[in-house]
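All remarks here apply to the structure that follows.
All figures in this text were calculated on a predicted structure; none of them were measured in a lab. Side chains included, hydrogens not; waters and symmetry mates left out as well; all remaining heavy atoms used. Letters A, B, ... mirror the listed sequences (proteins, then strands); counts begin at 1.
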Protein chains: 2
Amino acid sequence: MNEDKSEFLKGTLDMLVLKVVALGPIHGYAISQRIRQMSKEFFQVQQGSLYPALHRLEDRGWLKADWRDTETGREAKFYSLTAKGRKQLETVMRTWARLSDAVALILRTAE
Amino acid sequence: MNEDKSEFLKGTLDMLVLKVVALGPIHGYAISQRIRQMSKEFFQVQQGSLYPALHRLEDRGWLKADWRDTETGREAKFYSLTAKGRKQLETVMRTWARLSDAVALILRTAE
DNA sequence: CCCTCACGCCTAGATCTTCGATGCATCGAT
DNA sequence: ATCGATGCATCGAAGATCTAGGCGTGAGGG
């Protein structure tokens, strides 16, 4: 398993977060809600997974954060995608496509 | 993330191994070759991942093992699927289907 | 007025998987 | 005789996720 593939064995979370942030600046709490709702309740991201993930993605230069006000007038940390993050998202989506094809190849083999 | 879903975040390896073994009794070394070849070189399972996985699956009662001779006249540990293992494979394949649908839902969202 | 729940951020420790490295033994081919 | 493939295995490091906790604000019901 090379590095890119291992990313997926370790989880799809990073990809999902990148994708959601790519739709427009959004804060952490809303990201988890959005992922849950977009996946029809399948993914229920825990905060203990989400926040470390966000910091990880920021450290790698894929996301940048700034504090803004919510519609409800609260302060929240809004994340946006960097140029690097956009490239990473594309890469990772291509890898996901290949991975799910590979899995399908194996799973569909008749017994 | 519930337990079943987490299985996938942690990796597809267990499912792939179960599936390959479901095709007929096969030994560890051959499993890794088969996975590689069936996935068109995408998955290259390391021995340091494979053997622990096999022991894990055996401990859970999904695989059983016995020593047999290879076509080349060597001894090797052949794994077969138990009844429990077959059920587990079905469960896990259904979960995979739902997971990849959920991922697709999110990834396909237009920006 | 108080209490609870949703919002919104975060970390620490435990647990699990995977990987790279290493070890051992046999066999066939050069 | 040596080297690569076959075939088994373990160890330690690295990483991701989860559970469980903590902190603060604000709105609404009793």
### Query
Residues two or more places apart in sequence or in another chain: which of them pass ring-ring contact (aromatic ring centres under 6.0 Å, His included) with Phe78(B)?
His27(B)
Residues in side chain to side chain contact (heavy atoms under 4.5 Å, CB included) with [X], at least two apart?
| X | value |
| --- | --- |
| Ser39(B) | Ala102(A), Ile106(A), Phe42(B), Phe43(B) |
| Lys84(B) | Trp62(B), Thr82(B) |
| Arg56(A) | Asp14(A), Ala53(A), Arg60(A) |
| Pro52(A) | none |

### Task
With DNA chain D as reference, determine whether His55(B) or Pro52(A) sits nearer its 5' end, using the nearest nucleotide of each.
His55(B)
### Task
Please tell me which of the listed nucleotides, dG7(D), dC18(D), dC8(D), lies nearest to the side chain of Thr70(B)?
dG7(D)
### Task
For the helix from dC1(C)-dG30(D) to dT30(C)-dA1(D), measure the angle between the helix axis at one end and the axis at the other, each built from five pairs, rounding to 10°.
10°
Nearest whole angstrom, please: distance from the [atom2] of [N] to the [atom1] of [X].
| X | N | atom1 | atom2 | value |
| --- | --- | --- | --- | --- |
| Asp69(B) | dT6(D) | CG | C1' | 14 Å |
| His27(A) | dC10(C) | NE2 | P | 12 Å |
| Asp14(B) | dT18(C) | CG | C1' | 11 Å |
| Phe78(B) | dG7(D) | CZ | C1' | 11 Å |
| Ile31(A) | dC10(C) | CD1 | P | 11 Å |
| Arg68(A) | dG8(C) | CZ | C1' | 16 Å |
| Lys77(B) | dA25(C) | NZ | C1' | 16 Å |
| Met15(B) | dT17(C) | CE | P | 15 Å |

[N] phosphate, OP1 or OP2: any side-chain N/O from [X] under 4.0 angstrom?
| X | N | answer |
| --- | --- | --- |
| Tyr51(B) | dA9(D) | no |
| Arg56(A) | dT17(D) | yes |
| Ser49(B) | dT17(C) | no |

### Task
Answer whether the closest heavy-atom distance between the side chains of Ile35(B) and Val17(B) falls below 4.5 Å.
yes
### Query
Do the side chains of Asp69(A) and Glu75(A) get nearer than 4.5 Å, heavy atoms only?
yes
### Message
Under the rule for salt bridge (Lys or Arg N to Asp or Glu O under 4.0 Å), what residues qualify as partners of Arg68(B), not counting sequence neighbours?
### Response
Asp66(B)
### Query
Partners of Asp59(A) by salt bridge (Lys or Arg N to Asp or Glu O under 4.0 Å), sequence neighbours excluded?
none
### Message
Once you apply a heavy-atom cut-off of 4.0 Å, does Gly73(B) come out as touching a base, just sugar-phosphate, or nothing?
### Response
nothing
### Task
Verify, without hydrogens or angle tests, whether Lys19(A) (side chain) and Thr109(B) (backbone) share a donor-acceptor contact under 3.5 angstrom.
yes
### Task
Would you kindly check whether a donor in the side chain of Gln47(B) faces an acceptor in the base of dC8(D), or vice versa, at under 3.5 angstrom?
yes
### Query
Taking only residues at least two apart or on different chains, which pairs with a member in residues 23-37 of chain A satisfy salt bridge (Lys or Arg N to Asp or Glu O under 4.0 Å)?
Arg36(A)-Glu41(A)
## Note on the structure
Distance col, row Ile31(B):CD1 vs Leu16(B):CG, nearest 0.5 angstrom, shows 11.0 Å
So which protein N/O to nucleotides 23-25 of chain D N/O distances come out below 3.5 Å?
from: dT25(D); atom 1: O2; to: Arg74(A); atom 2: NH1; distance (Å): 3.3
from: dT25(D); atom 1: O2; to: Arg74(A); atom 2: NH2; distance (Å): 3.4

#### Entry: Strand contacts (DNA chain D) in residues 32-40 of chain B, 4.0 angstrom heavy-atom criterion
Gln33(B)
